[in-house]
Protein chains: 2
Amino acid sequence: MTKTPVKHAPKKPDYEKALRKAGIRITRPRKIILGILGETEDHPDALEIFRRAEQVDKSISLSTVYRTMKLLEEMGAIHRHAFEGGPSRFEQAGGDHHDHLIDMDTGDVIEFRSDRIEQLQQEIARQLGYDIVHHRLELYGRRRKD
Amino acid sequence: MTKTPVKHAPKKPDYEKALRKAGIRITRPRKIILGILGETEDHPDALEIFRRAEQVDKSISLSTVYRTMKLLEEMGAIHRHAFEGGPSRFEQAGGDHHDHLIDMDTGDVIEFRSDRIEQLQQEIARQLGYDIVHHRLELYGRRRKD
DNA sequence: AATCTTTTGCAACTGAGTGTCATCTGGCAC
DNA sequence: GTGCCAGATGACACTCAGTTGCAAAAGATT
């Protein structure tokens with residue numbers, strides 16, 4: 001089990017090429033959004049992505065951000081996380097799988113990974129007669145003050 | 001680790017008494033909603049509870065269902081689960097803690113519990129310098145066809 | 001450059017849930 | 001039982017996140 005935060009792999013997979021191959025057009029808004037997702041280390045929501053995109057091109061629209069997030073999610077290029085009581089937040093896919101600990105005071109998201117937990121989940125599903133398609137494990141907590 | 005579905009304790013805690021003690025009035029809509037929650041073995045959403053309540057009293061309103069769910073949640077009488085891509089679903093509290101496996105084809109919810117996973121979560125949070133307030137573990141899967 | 005889709009921005013819409021407010025009612029006092 | 005009144009209700013307007021319809025704009029391909 002890894003207990004230290006997962007470090008983002010310095011990934012710059014060529015999404016543009018992948019998109020074009022899937023018959024999807026590389027438009028100006030999409031280029032901008034991909035750029036933002038590639039840069040960021042945090043887990044922004046659609047509105048935050050929209051605000052960052054506006055800095056680059058004032059004419060971009062929020063619907064386009066939503067549409068693009070959905071498209072990229074369906075392509076598997078990003079992951080959507082619907083943490084409690086907030087809008088969906090996104091992160092680039094391509095790193096290795098991890099789960100999240102959400103700081104309830106700041107909203108910060110810490111990534112972690114536990115192979116032991118993954119394995120236990122598999123066992124449980126198998127015993128119940130199921131195949132896991134995906135899972136969601138989120139810890140909601142506060143910084144320990146000692 | 002328990003791998004068999006958690007069986008609902010045959011719980012009929014006297015919520016009416018508890019509510020009254022908390023200075024909360026036992027009204028007709030609340031009685032009906034508590035009755036529904038006490039009967040059901042599944043995890044209905046607000047609309048479903050509303051529909052069931054309507055059978056009993058045609059005059060009940062959806063807002064009251066929402067308000068009552070929020071009230072009961074704050075009192076700790078029920079748990080709210082926001083599974084992926086759907087409205088919140090509720091279950092009576094009072095049983096022991098468990099997590100959920102969601103059947104992606106039927107929407108069925110299977111309860112399970114793994115002390116080992118709970119323990120690993122604690123360890124992880126501690127190592128990251130956090131105290132867990134609560135967590136969410138959901139497995140999304142399909143029945144294994146063999 | 002001409003064409004033909006796909007995509008965009010805008011605005012109208014949806015679904016889940018919350019807030020407002022006039023009316024109603026549970027529960028206690030008498 | 002009747003009266004009282006804070007708390008609860010139903011109706012409906014509203015919010016928030018996200019989606020959809022549509023005419024205009026812009027990729028890609030020739």
Side-chain angles (χ1 to χ4, degrees), chain A residues 15-36 43-51 53-75 77-90 107, chain B residues 14-36 43-75 77-90 107:
Chain A
Y15 285 125
E16 306 208 358
K17 190 163 292 172
L19 293 211
R20 188 170 279 111
K21 183 173 296 180
I24 284 158
R25 289 187 186 165
I26 310 306
T27 63
R28 185 161 161 66
R30 284 176 182 163
K31 243 197 266 271
I32 293 169
I33 292 168
L34 283 178
I36 291 167
H43 296 68
D45 60 27
L47 197 55
E48 176 59 29
I49 292 167
F50 170 63
R51 279 194 276 255
E54 269 188 316
Q55 317 282 113
V56 184
D57 178 351
K58 197 80 189 77
S59 80
I60 208 163
S61 93
L62 181 54
S63 336
T64 296
V65 174
Y66 278 119
R67 274 190 290 238
T68 304
M69 300 328 282
K70 199 204 263 214
L71 177 75
L72 294 175
E73 186 191 6
E74 280 160 6
M75 293 189 44
I78 59 172
H79 294 307
R80 172 190 301 264
H81 302 294
F83 299 133
E84 286 187 356
S88 293
R89 297 169 64 169
F90 304 91
Chain B
D14 194 342
Y15 285 125
E16 306 210 357
K17 192 164 290 172
L19 292 211
R20 188 170 281 110
K21 184 173 296 180
I24 283 158
R25 289 190 186 160
I26 311 305
T27 62
R28 187 161 159 66
R30 284 177 184 163
K31 242 198 267 271
I32 294 169
I33 292 169
L34 283 178
I36 290 166
H43 296 67
D45 60 28
L47 197 55
E48 176 59 28
I49 292 167
F50 171 64
R51 280 194 274 256
R52 295 184 198 173
E54 269 187 317
Q55 316 281 114
V56 184
D57 177 351
K58 198 81 191 75
S59 80
I60 208 162
S61 93
L62 181 54
S63 333
T64 295
V65 174
Y66 278 119
R67 273 189 292 241
T68 303
M69 299 328 281
K70 198 205 264 214
L71 177 75
L72 295 175
E73 186 190 8
E74 279 160 8
M75 293 188 42
I78 59 172
H79 294 307
R80 172 191 301 264
H81 302 294
F83 299 132
E84 286 186 354
S88 293
R89 297 169 63 171
F90 304 92

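Each chain gets a letter, A, B and so on, in the order its sequence line appears, and its residues count up from 1. Since we're looking at a predicted model, the values are computed, not measured.
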- Message: Give me the atom names and distance for the closest heavy-atom approach of B:P87 to B:D45.
- Response: CG-OD2, 3.4 Å
- Sorted by chain and residue number, the side chain to side chain donor-acceptor pair (under 3.5 Å) partners of B:R89 (sequence neighbours excluded) come out as none
- Message: With each end axis built from five pairs of C1' atoms, what bend angle do you get for the helix from C:dA1-D:dT30 to C:dC30-D:dG1? Round to 10°.
- Response: 30°
- Query: What closest approach, in Å, do A:S61 and A:F50 show between heavy atoms, and which atom pair accounts for it?
  - Reply: C-CE1, 3.7 Å
- Note on the structure: A:E84 CD to C:dG17 P, in whole Å, measures 14 Å
- Between atom CG in A:D57 and atom C1' in C:dT8, what is the gap in whole Å? 11 Å
- Message: Return the CD1 to OG1 distance between B:I60 and B:T27, rounded to the nearest 0.5 Å.
- Response: 8.0 Å
Nucleotide N/O of nucleotides 27-30 of chain C paired with protein N/O under 3.5 Å:
residue, atom, partner, partner atom, Å
C:dG27, OP1, B:I26, N, 3.0

- Query: Rounded to the nearest 0.5 Å, how far does CD1 of A:I49 lie from CD1 of A:I32?
  - Reply: 13.0 Å
- Message: Quick check for you: to the nearest 0.5 Å, what is the distance between A:H81 atom NE2 and A:F90 atom CZ?
- Response: 9.5 Å
Enumerate the protein-to-nucleotides 10-16 of chain C contacts in which both atoms are nitrogen or oxygen and the separation is below 3.5 Å.
residue, atom, partner, partner atom, Å
C:dA11, N6, A:S63, OG, 3.3

- Is there a donor-acceptor pair closer than 3.5 Å between any side-chain N or O of A:R20 and the backbone N or O of A:I26? no
- Query: Within less than 4.0 Å of OP1 or OP2 of C:dT6, is there a side-chain N or O belonging to A:R30?
  - Reply: no
- Between atom CG of A:L62 and atom CZ of A:R51, what is the distance when rounded to the nearest 0.5 Å? 9.5 Å
- Who passes side chain to side chain donor-acceptor pair (under 3.5 Å) against B:S88, sequence neighbours left out? B:R80
- Outermost nucleotides of DNA chain D that come under 4.0 Å of a non-hydrogen atom of chain B: D:dA6 to D:dC12
- Over all atoms of both residues, closest heavy-atom pair of A:I33 and A:M69: CG2-SD, 4.0 Å
- Length of the CG-P vector between A:L62 and C:dT7, whole Å: 19 Å
- Message: Please give me the minimum heavy-atom distance between B:I78 and B:E73, naming the atom from each residue.
- Response: CG1-N, 3.5 Å
- Quick one: pull up CD in B:E48 and NE2 in B:H43 and give me the separation to the nearest 0.5 Å. 13.5 Å
- Item | Protein-nucleotide distance (B:L34, atom CG; C:dG26, atom C1'), rounded to Å | 15 Å
